[in-house]
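All chains are named by letter (A, B, ...) in the order of the sequence lines, taking the proteins before the strands, and each is independently numbered beginning at 1.
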Amino acid sequence: NAGVTQTPKFRVLKTGQSMTLLCAQDMNHEYMYWYRQDPGMGLRLIHYSVGEGTTAKGEVPDGYNVSRLKKQNFLLGLESAAPSQTSVYFCASSRRQPQEAFFGQGTRLTVV
Amino acid sequence: DAKTTQPPSMDCAEGRAANLPCNHSTISGNEYVYWYRQIHSQGPQYIIHGLKNNETNEMASLIITEDRKSSTLILPHATLRDTAVYYCIVANAGGTSYGKLTFGQGTILTVHP
(Lines give C-alpha, C1' and ligand atoms only; values in the text may rest on other atoms or scores of the structure.)
Protein backbone atom coordinates (compact mmCIF):
# COMPACT_ATOMS: atom_id res chain seq x y z
CA ASN A 1 0.00 0.00 0.00
CA ALA A 2 2.28 2.79 -1.27
CA GLY A 3 -0.02 5.83 -0.89
CA VAL A 4 1.90 8.93 -2.01
CA THR A 5 5.47 8.44 -3.22
CA GLN A 6 7.91 11.26 -3.88
CA THR A 7 11.07 11.02 -5.97
CA PRO A 8 13.84 11.86 -5.17
CA LYS A 9 14.09 12.03 -1.37
CA PHE A 10 17.19 14.25 -1.35
CA ARG A 11 18.81 16.49 -3.93
CA VAL A 12 21.51 19.15 -4.04
CA LEU A 13 21.37 21.60 -6.94
CA LYS A 14 23.62 24.40 -8.04
CA THR A 15 22.08 27.82 -8.59
CA GLY A 16 20.59 28.00 -12.08
CA GLN A 17 20.18 24.27 -12.56
CA SER A 18 16.80 22.74 -13.29
CA MET A 19 15.09 19.68 -11.91
CA THR A 20 11.75 17.91 -11.68
CA LEU A 21 10.22 16.41 -8.57
CA LEU A 22 7.86 13.52 -9.15
CA CYS A 23 4.82 12.68 -7.05
CA ALA A 24 2.85 9.49 -7.62
CA GLN A 25 -0.32 8.35 -5.84
CA ASP A 26 -2.05 5.01 -6.15
CA MET A 27 -5.36 5.91 -4.47
CA ASN A 28 -7.13 7.25 -7.58
CA HIS A 29 -7.44 10.66 -5.94
CA GLU A 30 -8.72 13.61 -7.95
CA TYR A 31 -6.83 16.35 -6.13
CA MET A 32 -3.07 16.70 -5.80
CA TYR A 33 -0.91 19.38 -4.18
CA TRP A 34 2.66 20.57 -3.81
CA TYR A 35 3.69 22.28 -0.57
CA ARG A 36 7.00 23.60 0.67
CA GLN A 37 8.13 23.80 4.27
CA ASP A 38 10.92 26.06 5.45
CA PRO A 39 12.64 25.53 8.83
CA GLY A 40 10.37 26.20 11.80
CA MET A 41 7.39 27.04 9.63
CA GLY A 42 4.18 25.46 8.52
CA LEU A 43 3.61 24.19 5.00
CA ARG A 44 2.78 26.62 2.19
CA LEU A 45 0.90 25.65 -0.94
CA ILE A 46 2.83 26.07 -4.21
CA HIS A 47 0.50 24.64 -6.86
CA TYR A 48 -2.39 22.23 -6.93
CA SER A 49 -4.44 20.21 -9.40
CA VAL A 50 -8.11 19.26 -9.29
CA GLY A 51 -7.90 16.71 -12.08
CA GLU A 52 -5.87 15.32 -14.94
CA GLY A 53 -4.73 18.08 -17.25
CA THR A 54 -5.56 20.91 -14.83
CA THR A 55 -3.30 22.95 -12.55
CA ALA A 56 -3.68 26.10 -10.47
CA LYS A 57 -1.47 28.45 -8.46
CA GLY A 58 -1.30 28.30 -4.71
CA GLU A 59 0.17 30.72 -2.20
CA VAL A 60 3.81 30.70 -3.37
CA PRO A 61 3.91 29.68 -7.08
CA ASP A 62 6.75 31.90 -8.36
CA GLY A 63 9.75 29.99 -9.70
CA TYR A 64 7.86 26.70 -10.07
CA ASN A 65 5.89 24.99 -12.81
CA VAL A 66 3.71 21.90 -12.59
CA SER A 67 2.09 19.38 -14.84
CA ARG A 68 -0.47 16.64 -14.40
CA LEU A 69 -0.56 14.63 -17.59
CA LYS A 70 -1.72 11.47 -15.81
CA LYS A 71 -4.18 11.31 -12.92
CA GLN A 72 -1.74 9.50 -10.67
CA ASN A 73 1.27 11.77 -11.23
CA PHE A 74 1.95 15.41 -10.35
CA LEU A 75 5.28 16.91 -11.38
CA LEU A 76 6.91 19.99 -9.87
CA GLY A 77 9.59 21.71 -11.93
CA LEU A 78 12.24 24.24 -11.05
CA GLU A 79 13.52 25.84 -14.25
CA SER A 80 16.36 27.84 -12.70
CA ALA A 81 16.96 26.94 -9.07
CA ALA A 82 17.72 29.68 -6.53
CA PRO A 83 19.02 29.39 -2.95
CA SER A 84 15.63 30.70 -1.75
CA GLN A 85 14.11 27.46 -3.02
CA THR A 86 16.07 25.42 -0.49
CA SER A 87 13.29 23.70 1.39
CA VAL A 88 11.48 20.46 2.07
CA TYR A 89 8.83 19.76 -0.53
CA PHE A 90 5.74 17.71 0.24
CA CYS A 91 3.25 16.29 -2.19
CA ALA A 92 -0.28 15.36 -1.12
CA SER A 93 -3.44 13.95 -2.64
CA SER A 94 -7.09 13.75 -1.64
CA ARG A 95 -10.52 12.71 -2.88
CA ARG A 96 -13.17 15.32 -3.62
CA GLN A 97 -14.91 14.37 -0.36
CA PRO A 98 -14.17 14.21 2.55
CA GLN A 99 -10.84 15.66 1.47
CA GLU A 100 -8.64 13.92 3.98
CA ALA A 101 -5.20 14.61 2.52
CA PHE A 102 -2.46 12.01 2.31
CA PHE A 103 1.11 13.29 2.25
CA GLY A 104 4.33 11.89 0.88
CA GLN A 105 7.50 11.68 2.94
CA GLY A 106 9.03 14.77 1.43
CA THR A 107 11.94 15.80 -0.79
CA ARG A 108 14.75 17.68 0.90
CA LEU A 109 16.20 20.11 -1.68
CA THR A 110 19.29 22.22 -1.14
CA VAL A 111 20.30 24.86 -3.68
CA VAL A 112 23.89 26.06 -3.34
CA ASP B 1 -10.39 30.30 5.14
CA ALA B 2 -10.70 31.23 8.81
CA LYS B 3 -7.53 31.81 10.81
CA THR B 4 -6.69 29.56 13.77
CA THR B 5 -4.76 30.25 16.98
CA GLN B 6 -2.91 27.51 18.85
CA PRO B 7 -0.49 27.56 21.78
CA PRO B 8 3.08 27.20 20.52
CA SER B 9 3.92 24.29 22.82
CA MET B 10 2.44 21.88 25.35
CA ASP B 11 3.70 19.05 27.52
CA CYS B 12 1.98 15.85 28.55
CA ALA B 13 2.93 12.85 30.67
CA GLU B 14 2.92 9.46 28.98
CA GLY B 15 -0.34 7.62 29.56
CA ARG B 16 -2.29 10.77 30.35
CA ALA B 17 -4.74 12.53 28.07
CA ALA B 18 -3.37 15.31 25.89
CA ASN B 19 -5.83 18.15 25.27
CA LEU B 20 -4.80 20.50 22.47
CA PRO B 21 -6.87 23.68 22.12
CA CYS B 22 -7.55 25.71 18.99
CA ASN B 23 -9.37 29.00 18.55
CA HIS B 24 -11.13 29.75 15.27
CA SER B 25 -13.48 32.60 16.12
CA THR B 26 -14.03 33.66 12.47
CA ILE B 27 -15.09 30.22 11.24
CA SER B 28 -17.98 30.30 8.80
CA GLY B 29 -20.91 27.93 8.61
CA ASN B 30 -19.56 25.69 5.83
CA GLU B 31 -16.01 25.38 7.16
CA TYR B 32 -14.73 22.22 8.80
CA VAL B 33 -12.09 21.89 11.52
CA TYR B 34 -9.24 19.56 10.53
CA TRP B 35 -6.37 18.28 12.64
CA TYR B 36 -3.10 17.02 11.24
CA ARG B 37 0.19 16.19 12.91
CA GLN B 38 3.77 16.10 11.72
CA ILE B 39 6.25 13.82 13.40
CA HIS B 40 9.89 14.84 13.12
CA SER B 41 9.74 16.41 9.63
CA GLN B 42 7.83 13.52 8.10
CA GLY B 43 4.84 14.30 5.89
CA PRO B 44 1.81 15.55 7.82
CA GLN B 45 -0.65 12.88 8.91
CA TYR B 46 -4.42 13.37 8.98
CA ILE B 47 -5.95 12.82 12.43
CA ILE B 48 -9.60 13.84 12.41
CA HIS B 49 -12.05 16.47 11.20
CA GLY B 50 -15.51 17.74 12.12
CA LEU B 51 -18.15 20.32 11.30
CA LYS B 52 -20.15 20.88 14.49
CA ASN B 53 -20.65 17.54 16.18
CA ASN B 54 -18.02 15.91 18.33
CA GLU B 55 -16.07 13.24 16.49
CA THR B 56 -14.05 10.22 17.58
CA ASN B 57 -11.86 7.78 15.70
CA GLU B 58 -9.13 5.31 16.58
CA MET B 59 -6.56 8.08 16.97
CA ALA B 60 -8.33 10.91 18.78
CA SER B 61 -11.48 12.79 19.73
CA LEU B 62 -12.48 16.22 18.51
CA ILE B 63 -14.65 18.44 20.70
CA ILE B 64 -16.14 21.51 18.99
CA THR B 65 -17.88 24.14 21.10
CA GLU B 66 -21.51 24.89 20.38
CA ASP B 67 -20.69 28.30 18.85
CA ARG B 68 -17.92 26.59 16.81
CA LYS B 69 -15.42 29.28 17.74
CA SER B 70 -13.01 26.84 19.36
CA SER B 71 -12.19 23.16 19.48
CA THR B 72 -10.06 20.68 21.40
CA LEU B 73 -8.20 17.67 20.09
CA ILE B 74 -7.94 14.91 22.68
CA LEU B 75 -5.39 12.12 22.57
CA PRO B 76 -6.81 9.87 25.30
CA HIS B 77 -3.63 8.01 26.31
CA ALA B 78 -0.60 9.83 24.99
CA THR B 79 2.54 7.85 24.17
CA LEU B 80 6.07 8.98 23.36
CA ARG B 81 5.27 8.41 19.67
CA ASP B 82 2.63 11.14 19.87
CA THR B 83 5.36 13.77 20.25
CA ALA B 84 4.81 15.93 17.15
CA VAL B 85 3.64 19.27 15.81
CA TYR B 86 -0.16 19.39 15.74
CA TYR B 87 -1.91 21.62 13.24
CA CYS B 88 -5.48 22.85 13.56
CA ILE B 89 -6.82 23.94 10.17
CA VAL B 90 -10.15 25.41 9.19
CA ALA B 91 -11.16 24.83 5.59
CA ASN B 92 -14.18 24.63 3.37
CA ALA B 93 -14.66 20.96 2.54
CA GLY B 94 -16.41 21.57 -0.74
CA GLY B 95 -16.76 24.00 -3.58
CA THR B 96 -13.76 25.91 -4.85
CA SER B 97 -11.56 25.22 -1.82
CA TYR B 98 -10.53 21.94 -3.52
CA GLY B 99 -9.09 20.60 -0.29
CA LYS B 100 -6.41 23.26 -0.02
CA LEU B 101 -4.97 23.44 3.49
CA THR B 102 -3.48 26.53 5.16
CA PHE B 103 -0.95 25.48 7.79
CA GLY B 104 -0.08 27.79 10.69
CA GLN B 105 2.74 27.24 13.18
CA GLY B 106 0.90 24.52 15.08
CA THR B 107 1.45 23.27 18.62
CA ILE B 108 4.56 21.31 19.52
CA LEU B 109 3.36 18.53 21.82
CA THR B 110 6.06 16.84 23.86
CA VAL B 111 5.11 13.65 25.68
CA HIS B 112 7.36 12.90 28.66
CA PRO B 113 8.04 9.43 30.14
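- At a 4.5 Å heavy-atom cutoff, the contact between A/V50 and chain B is made by side-chain atoms alone.
- The aromatic rings of A/Y31 and A/Y33 lie perpendicular to each other, with more than 60° between the two planes, well past the 30° mark.
- Between B/F103 and A/Y35, the two ring planes are perpendicular [angle over 60°; tilted spans 30° to 60°].
- In this pair, B/Y36 and B/Y46 present their aromatic rings perpendicular. The plane angle is above 60°, beyond the 30 to 60° band.
- Using a 4.5 Å cut-off between heavy atoms, A/Q37 touches chain B through its side chain atoms alone.
- Between B/R37 and B/D82 there is a salt bridge, with a side-chain nitrogen of the basic residue lying less than 4.0 Å from a carboxylate oxygen of the acidic one.
- Only the side chain of A/R108 comes within contact range of chain B, with heavy atoms under 4.5 Å apart.
- Residue A/L45 touches chain B through its side chain alone, counting heavy-atom pairs closer than 4.5 Å.
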